[in-house]
Structure formats: structure tokens, C-alpha cells
Amino acid sequence: MNRIDAKFAELKASGRTALIPYITMGDPNPDVSVSLLRELETAGADIVELGVPYSDPLADGPVIQRASERALKHNITILDCIRIAKEAREHNVSLPFILFTYYNPVLQVGLERFFELLAEHDISGVIIPDLPFEENGPVKALSDRFNIHLIPLVAPTSEDRIVKIVSSASGFIYCVSSLGVTGVRSDFFSGIDEFLATVRRSTDLPIAIGFGISSSEQFVHFSKSCDGVVVGSAIVRKIEEATQLLLSESSRSDGLVQVREFVRQLRG
């Protein structure tokens, strides 16, 4: 069974909502990423999105853009991000991994080779935000072949496309909470509850919400209507604040504790 399916089944049986952190691979440098993944698991994360740094993002707000800039200074590539997942497994991290990447890096690797690498490195899912549903046929076929979930994004603007998008989905449905790019928010799309109800009626898969979730209050609120909650920019910003601690071996443990405790308190 795919690790994502097993995790959602486990959470459903215990009546819990998945906490799904996002971090940018290679931020603040590649050596720290494995340590951060270990801390996320210790903090109670259930699934982790591994963000591939990209120089021309469409969905990422300023916090994640800055993280990508820091990572790209180390010339990190999509292959390095996949390798970090393997290193984390060697350090006994058992969380399901989802690679969050734009389509161009995937094309540069080659579609079939890309999915071979995901399978070889025990990555359970992939999110490609700039790949439209109408054009994902070859990618979807390979994801099914390699048992890697191609996780779709649906937004409040998806409207009559929602049923089509979720009809061939697997893993879970990623619901975008707000219009625009990622980033910490205090307010969300005014019709968010109706939107989530529409998605829920359209699929039997778990649904998760992301884009802007940053506090335990928001996590608890959305836990009532969703099976998973993604927290990205708020965690990446915490890593940014702890950068100097994380970059020094003598103070790295202090920086890791700051990130771990922030993630731990998100469940409220």
C-alpha cells in the first residue's frame, strides 16, 4: 500500500487530522534538510511536502520564494531533493513524502526516469501546480504505473472543473484555501466552507487544505471539515528566522528545537 493511503487510513481510524508540513529542500542548506525532516516527524507531522526550489514559481509567495533563493545558492536540483528523501529514510524517517515541484524540472529529468526515481527513493506522491488537469495524461499514466499519487490542486475558482479534476485523482485532494499565491493569512476566501463541502461531495478521497494556514487555531478550525491541513509558509518563515542557528553546527540543535516546537504546537 502507498504510504499516503496507509497514513490516512490510520488517522481515520483514530479520528485524527493529518498535519502536513511543507519545507523547501536545501534551505538553509542541503545538510540541514534531513535534520529538519527528523524534527518534523518528532513534532507530530503525518506527511511532509518536499518543496523543490524553483527560480520562476507561479504559486509560491514571498516567504517560499526567499527559501528557494537561499537553497538555489547551493545549486540544489530536483535530483538533490529526491536524494535528500533517501537520506532521511536512512536516518529512520518513516513519514510519507510528497514532492512539490513545477513541471519544467520534471521534464528535464524525463517523465519515466522521474517516476522511477520517486519509486526508488520511497516518495509516495507528487504535486505539480503548473500542470493543468487537461494536460496531465502522460504524467497520470506514469504515476499510476509506479503507484505514485499525482495529487491535484482544486481552488475556489475551479467551479465546474472540480468533479472532472477529482474523478481521476488518487491519494488525496489538495484544496486551495485562498485566491493568489501561498503565504500566511488571517482571513480566507469567504466561500471556503461551501467550497470544501462541494469538494467533499465530489470524491471519496481524503481532502486537505493549504495555502495560508499558520496557527493552531486555523488548524483546529479546518480539522473539522478536512482530513488534512497543510502548513507551509509559516514553517518556512520559522526556518528563515532560525537560519543563523541552523547554519552553525554548534547552535544547530537550538534552531531545530525552535522549528520542532513551532510545528508541535500547531495541533493546538
Side-chain angles (χ1 to χ4, degrees), residues 16-29 32-33 35-54 57-71 81 95-101 127 129 151 153 155 172 174-189 192 196 207-247 252 254-268:
R16 296 168 58 235
T17 300
L19 173 58
I20 309 175
Y22 167 105
I23 62 171
T24 301
M25 294 292 91
D27 174 38
N29 70 31
V32 178
S33 292
S35 296
L36 285 168
L37 290 172
R38 294 176 68 185
E39 294 300 327
L40 292 177
E41 184 163 48
T42 301
D46 297 296
I47 300 170
V48 177
E49 290 183 17
L50 313 178
V52 177
Y54 193 55
L58 298 177
D60 299 323
V63 172
I64 295 177
Q65 287 181 30
R66 292 196 300 270
S68 287
E69 290 170 2
R70 291 190 295 271
C81 298
L95 294 170
F97 292 145
I98 299 168
L99 199 71
F100 188 108
T101 180
I127 298 173
I151 297 162
L153 297 177
F172 65 92
Y174 190 134
C175 300
V176 176
S177 68
S178 309
L179 306 180
V181 296
T182 61
V184 173
R185 290 177 173 84
S186 57
D187 298 307
F188 298 92
F189 171 65
I192 187 66
L196 292 173
I207 67 172
I209 189 165
F211 279 49
I213 315 298
S214 61
S215 69
S216 59
E217 292 80 10
Q218 292 169 347
F219 180 91
V220 170
H221 171 77
F222 285 114
S223 292
K224 298 172 184 175
S225 55
C226 297
D227 306 291
V229 178
V230 181
V231 183
S233 294
I235 295 173
V236 174
R237 185 172 62 185
K238 183 60 65 174
I239 293 170
E240 181 177 49
E241 293 170 355
T243 291
Q244 294 308 311
L245 294 173
L246 293 169
L247 287 174
R252 183 168 298 165
D254 294 332
L256 291 170
V257 167
Q258 289 186 16
V259 177
R260 181 183 71 216
E261 292 310 307
F262 176 77
V263 175
R264 191 192 300 277
Q265 61 82 33
L266 284 170
R267 284 194 182 276

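Computed from a predicted model, the values in this text were never measured in an experiment.
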Chi angles and distances behind the salt bridge (charged side-chain N to carboxylate O under 4.0 Å, His left out) call for R66, E69: CA-CA 5 Å; R66 292 196 300 270; E69 290 170 2; over 6 Å; no
Sub-4.5 Å side-chain heavy-atom contact between V52 and L50: no
I'd like to know if the side chain of D227 reaches the main chain of A208, judged simply by a donor and an acceptor atom lying under 3.5 Å from each other, with no hydrogens or angles considered. no
Give, for atom CD1 of I239 and atom CD of E39, the distance between the pair rounded to the nearest 0.5 Å. 11.0 Å
Can you tell whether the side chains of R38 and E41 come within less than 4.0 Å, N to carboxylate O? no
Can you give me the closest heavy-atom contact between V220 and R267, atom names plus distance? CG2-O, 3.6 Å
Just by modelled atom types, is the V257 backbone N or O under 3.5 Å from a matching donor or acceptor in the E261 side chain? no
Atom CG of L95 and atom CD1 of I47: how far apart are they, to the nearest 0.5 Å? 8.5 Å
Hey, mind stepping through F262 and I235 against side-chain contact (heavy atoms from CB on, under 4.5 Å) and telling me if it holds? CA-CA 8 Å; F262 176 77; I235 295 173; 3.9 Å; yes
Please round to the nearest 0.5 Å and tell me the distance separating atom SG of C175 and atom CD1 of I192. 7.5 Å
For the atom pair CD1 (I23) and OG (S33), what is the distance rounded to the nearest 0.5 Å? 5.5 Å
Given side chains that start at C-beta, do those of V230 and Y174 come closer than 4.5 Å, heavy atoms only? yes
To the nearest 0.5 Å, tell me how far R260 CZ sits from L36 CG. 11.5 Å
May I ask you to decide whether K238 forms a salt bridge with E241, counting only side-chain N to carboxylate O separations under 4.0 Å? yes
Is the closest side-chain heavy-atom distance between T42 and R264 below 4.5 Å? yes
Measure across A71 and T24 and return the closest heavy-atom pair with its distance rounded to 0.1 Å. CB-CG2, 4.4 Å
Tell me the closest heavy-atom pair linking V63 and S233, and the distance in Å. CG1-O, 3.5 Å
Any F222 side-chain heavy atom under 4.5 Å of T17 side chain: no
So among V231, I64, I98, I127, which one has a side chain to side chain contact (heavy atoms under 4.5 Å, CB included) with Y22? I64
For residues I213 and L266, determine if any side-chain heavy atom of one lies less than 4.5 Å from a side-chain heavy atom of the other. no
Spacing of CD1 belonging to I209 relative to CD1 belonging to I20, to within rounding of 0.5 Å: 11.5 Å
Determine the minimum heavy-atom distance between L247 and R252, stating which atoms define it. O-NH2, 3.7 Å
So which atom in C81 and which in L99 form the shortest heavy-atom distance, rounded to 0.1 Å? CB-CD1, 4.4 Å
Using a 4.5 Å cut-off on heavy atoms from C-beta on, say whether the side chain of D27 contacts that of P53. no
